[in-house]
Student: 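Have a look at the structure that comes next, please.
Note that the structure is predicted; figures quoted are calculated from it, not measured. To find a chain, count down the sequence lines: A is the first, B the second, and so on, and within it residues start at 1. All heavy atoms count here, side chains included; hydrogens, waters and symmetry mates do not.
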Amino acid sequence: MKARKKADSIATFFFYSSAIFIGILALIILAVLVVKSLPILSNNNFFELLFSSSWRPSRGEFGFLPFIVGTIEVTLIAMAIAIPICLLSSIYLSEYATKRMRSIFMPVIDLLAGIPSVVFGLFGILVIVPFVSFLGKMFGSSTTGYSLLSGSIILAIMVFPIIISVATAVLRSVPHELRESSLALGATRWQTVKKVVVRSSIGGLIAAVVLGFSRAIGETMAVLMVIGNVAIIPKSLFDPAYTLTSLIANNYGEMMSIPMYDSALLLAALMLLLIVAFFNIISHIILSKLIKHNYTNEA
Amino acid sequence: MKRKIKRSEIEEKIFKILMIVSLAIVLLSLIGIISVIVIKGFSALSWSMIFETPKGGYYLGKEGGIANAIVGSLYLAFGALILSLIVSIPLAFALQKDYLNKKIANLIRVLLDVLCGVPSIVYGAFAFIVMMHFMIRASLLGGIVTLALFMTPIMTRAMDESIRLVPAELKEASYSMGATRFETSFKIVLRQSLPGIATAVLIAFGRGIGDAASILFTAGYTDSIPTSLFSPVASLPLAIFFQIATPIAEVQRRAYASAFILLAIVLIVSIITRYLSSRFSRYNLS
């Protein structure tokens, strides 16, 4: 009897300490990034860091603008490609597809989610880059293909599974009675989809998009392999660009040889962390309110 | 009236076509990626690619293989898996409402979701700077710990999803028989959610073995199979990354073969995952 109680209290101790551990770990990660980026924040003007485009680490000039612009542009263009495709696919899967079709498509979409990002990058080099180069020539711009557009296309493909799986789940969670009453009033299927289903799940669809966005903004290897990595502010879709994630990945080697360089790179990491955390929390709040029965099942 | 109906019908038709086109794009991109890698990679694949380590001049197109990277990736992923399990299992159990109250549990869930979303390059940069501080060189151990940072939130969250599906009635029945919380967790909940937990482990494994950004700085790269936790280690994602960056066609072909091997591992893991989770939903009591 005593042994059982002892086993129980030991297990309880481990369970609680793992919960404390994860909290402390998150705080440590945040603290290390903040502490390490403080030197550059106190040494350089904050606005200069954000809005200057001269990146000359050896002279102590750290203008993040090209990287910030590159990151935002590649992500936004990727989302512009992905959002219509994903939402239309999700609506079809949720409203029109038969159960059998869904049971074929959803695993396929999961499969896409599991492909490693270097493999996406390789596919980008083999297929997307030549395609974009061809496209560029058609529009009269000589490009190698390693460009903003290539990065965006790869990123768009990478966020397909995330947006589609969340959006489909959101659409499926709309109660059947709502659809039925709309159909009973004489609305067509499409009118029902447009005016009832999509309208009542708009928050969840936004959350799905936000999740995709935050995944895209932090993606490293695939983008790094196709975007060209030139620290300029791109003027067209066919120009090369540079992202915050690639900045960290490409320069860790020299991190220790130039003063402040490590601090600058860790600041980039901190920015990414804060942006992603912000968007994740937003989508979490929306989703937990929306798909409530999922959360309250156990209560 | 008649014209209005027609217009809405046309609208529906147009959108239906657009939807099917979208779905086709999604499907085609998956088929495209897999078939390009399979076609390009399979033709470049050979037994020596799989079973040999790089010999002198390998990166100039001479003989050898990427056994170092295959074994390295398996070491890294399995090591990280074990490390993640040590945190994930107790944490996933702690999230039950038997242990933590709902508010705190949900707070930890949000934290885990945020950690899941943190880009792996951020974990890599964090681990690298900590390792520099303690003067630890890039090594198998460094790679394992970094990868575990990245995998733990993913694994815990997936385990939590399957553990919370265990019906409360089952637990109540166990308690009313006089079982302790630990016995209930271990003998009832664990057993009931075992396929889900296995799925969670495989999901994390698949994500971990394919991730390059987190181990880019922390695991290093070497042509030999590591003999201790403190020697640097090669990995498949980085093998692909480095080989494709060379200008030599023969070495680039090896990048395709490496990608084929990595994709095969990930897809097999993913298919096993699907199989397990479909079994899970079939036998689940709720």
Side-chain angles (χ1 to χ4, degrees), chain A residues 4-5 7-8 11-12 14-16 18-19 21-23 26 29 32-33 36 85 88-89 91-92 107-112 114-119 122-123 125-127 157 160 164 188-191 214-215 218 220-221 245 248-249 252 256 262 265-266 269 272-273 276-277 280-281 284 298, chain B residues 8 11-12 15 18-20 22-23 25-27 29-30 32-33 36-37 40 87 90-91 93-94 97 99-100 108 110-111 113-115 117-122 125-126 128-130 132 164 168 180-183 206 210-213 216-217 237 240-241 244 255 259 262-263 266-267 270 274:
Chain A
R4 287 179 54 207
K5 280 230 164 109
D8 185 51
T12 308
F14 271 113
F15 289 1
Y16 284 139
S18 67
F21 173 78
I22 199 82
I29 293 176
V32 165
L33 293 186
K36 280 286 170 182
I85 292 178
L88 287 167
S89 302
I91 292 174
Y92 190 85
V108 165
I109 286 163
D110 277 354
L111 227 52
L112 191 59
I115 295 177
S117 60
V118 271
V119 175
L122 196 60
F123 174 75
I125 290 175
L126 286 172
V127 179
I157 299 176
F160 281 169
I164 292 177
T188 65
R189 200 154 193 189
W190 174 246
Q191 286 167 332
S214 80
R215 168 80 201 267
T220 310
M221 300 311 273
T245 50
I248 304 172
Y252 75 101
M256 291 301 157
D262 58 333
L265 294 187
L266 269 289
L272 284 169
L273 179 82
V276 167
N280 262 306
I281 290 171
H284 190 100
E298 47 173 357
Chain B
S8 73
E11 190 187 319
E12 172 152 22
F15 271 95
L18 285 177
M19 283 188 258
I20 290 169
S22 306
L23 215 49
I25 291 174
V26 174
L27 200 61
S29 51
L30 177 77
I33 289 168
V36 163
I37 300 297
K40 283 268 187 183
V87 181
L91 183 54
F93 278 110
K97 69 173 165 45
Y99 285 94
L100 287 173
I108 294 176
V110 178
L111 179 67
D113 278 350
V114 170
L115 288 177
V118 171
S120 58
I121 188 88
V122 173
F126 162 75
F128 179 69
I129 210 82
V130 171
M132 290 303 279
R164 77 212 295 203
T180 62
R181 283 194 299 189
F182 173 60
E183 285 163 342
D211 192 66
L216 187 59
F217 330 136
I240 299 168
F241 184 62
I244 197 69
L262 179 60
L263 192 65
V266 170
L267 290 186
S270 169
R274 279 240 56 98

Student: If you count heavy-atom pairs under 4.5 Å between each of A:T188, A:L33, A:L111, A:I125 and chain B, which one has the most?
Tutor: A:L111

Student: Would you say that A:I115 contacts B:I37 through its side chain, given a criterion of any heavy-atom pair below 4.5 Å between the two side chains?
Tutor: no

Student: Locate the shortest heavy-atom distance separating B:A125 from A:A269; write the atom from each residue and the value.
Tutor: CB-CB, 4.4 Å

Student: Taking every non-hydrogen pair under 4.5 Å, which of B:G206, B:G117, B:S120, B:A259 racks up the most with chain A?
Tutor: B:G117

Student: Counting only heavy atoms closer than 4.5 Å, note whether B:F217 contacts chain A via side chain, backbone, both or neither.
Tutor: both

Student: Which atoms of B:L30 are under 4.5 Å from chain A, going by heavy atoms: the side chain, the backbone, both sets, or neither?
Tutor: both

Student: Out of curiosity, B:M132 CE to A:Y252 OH, how far, rounded to the nearest 0.5 Å?
Tutor: 11.5 Å

Student: Name the member of B:T180, B:I33, B:L216, B:I240 that forms the most heavy-atom pairs with chain A at distances under 4.5 Å.
Tutor: B:I33

Student: Heavy-atom distance under 4.5 Å to chain A: side chain of B:V36, backbone, both or neither?
Tutor: side chain

Student: Could you tell me which portion of B:L91 (side chain, backbone, both or neither) has an atom closer than 4.5 angstrom to a non-hydrogen atom of chain A?
Tutor: both

Student: Look at the rings of A:F15 and B:F93 and say which category their plane angle falls in: under 30° parallel, 30 to 60° tilted, over 60° perpendicular.
Tutor: parallel

Student: Carefully, step by step, assess B:V118 and A:L272 under the rule side-chain contact (heavy atoms from CB on, under 4.5 Å).
Tutor: CA-CA 8 Å; B:V118 171; A:L272 284 169; over 6 Å; no

Student: Kindly determine whether B:V114 and A:V276 satisfy side-chain contact (heavy atoms from CB on, under 4.5 Å), including the steps that lead there.
Tutor: CA-CA 7 Å; B:V114 170; A:V276 167; 5.8 Å; no

Student: Determine whether B:V266 and A:P116 make a side-chain contact, defined as any pair of heavy atoms from C-beta on separated by less than 4.5 Å.
Tutor: yes

Student: Taking B:Y99's backbone N and O only, do any of them form a donor-acceptor pair with A:Y16's side chain (distance below 3.5 Å, no angle check)?
Tutor: yes

Student: Top residue by heavy-atom pair count (under 4.5 Å) with chain B, among A:I157, A:I164, A:T245, A:I248?
Tutor: A:I248

Student: Does A:Y92 reach the side chain of B:S22, with side-chain heavy atoms less than 4.5 Å apart?
Tutor: no

Student: Decide side-chain contact (heavy atoms from CB on, under 4.5 Å) for A:L88 and B:F15; before the verdict, give the C-alpha distance in whole Å, the side-chain angles of both, and the deciding distance to 0.1 Å.
Tutor: CA-CA 8 Å; A:L88 287 167; B:F15 271 95; 4.0 Å; yes

Student: At a heavy-atom separation under 4.5 Å, does B:R274 approach chain A through its side chain, its backbone, both, or neither?
Tutor: side chain

Student: Checking A:D8 side chain against B:F182 main chain: does a donor-acceptor pair fall under 3.5 Å?
Tutor: yes

Student: Out of B:V122, B:L263, B:L115, B:I121, return the one with the most heavy atom pairs under 4.5 angstrom to chain A.
Tutor: B:I121

Student: Examine whether an atom of A:T220 lies under 4.5 Å from a heavy atom of chain B, and if so say whether it belongs to the side chain, the backbone or both; otherwise answer neither.
Tutor: side chain

Student: Any chance you could lay out the side-chain contact (heavy atoms from CB on, under 4.5 Å) test for B:D211 and A:V118, step after step, and finish with the verdict?
Tutor: CA-CA 8 Å; B:D211 192 66; A:V118 271; over 6 Å; no

Student: Tell me whether B:E183 is salt-bridged to A:R4, with the criterion being a basic N under 4.0 Å from an acidic carboxylate O.
Tutor: yes

Student: Could you look at B:V87 and say if it's the side chain, the backbone, both or neither that has a heavy atom under 4.5 Å from chain A?
Tutor: both

Student: Could you check which of A:L265, A:L126, A:I91 has the highest count of heavy-atom pairs closer than 4.5 Å to chain B?
Tutor: A:L126

Student: Checking B:I108 against chain A: side chain, backbone, both or neither under 4.5 Å from a heavy atom?
Tutor: side chain

Student: Tell me, side chain or backbone of B:I129 under 4.5 Å from chain A's heavy atoms, or both, or neither?
Tutor: side chain

Student: Which atoms of B:I244 come close to chain A, meaning under 4.5 Å heavy atom to heavy atom: side chain ones, backbone ones, both, or neither?
Tutor: side chain

Student: Taking atom CD of B:E11 and atom CD of A:Q191, what is their separation to the nearest 0.5 Å?
Tutor: 8.0 Å

Student: What is the distance from atom CG of B:D113 to atom CG of A:N280, rounded to the nearest 0.5 Å?
Tutor: 6.5 Å

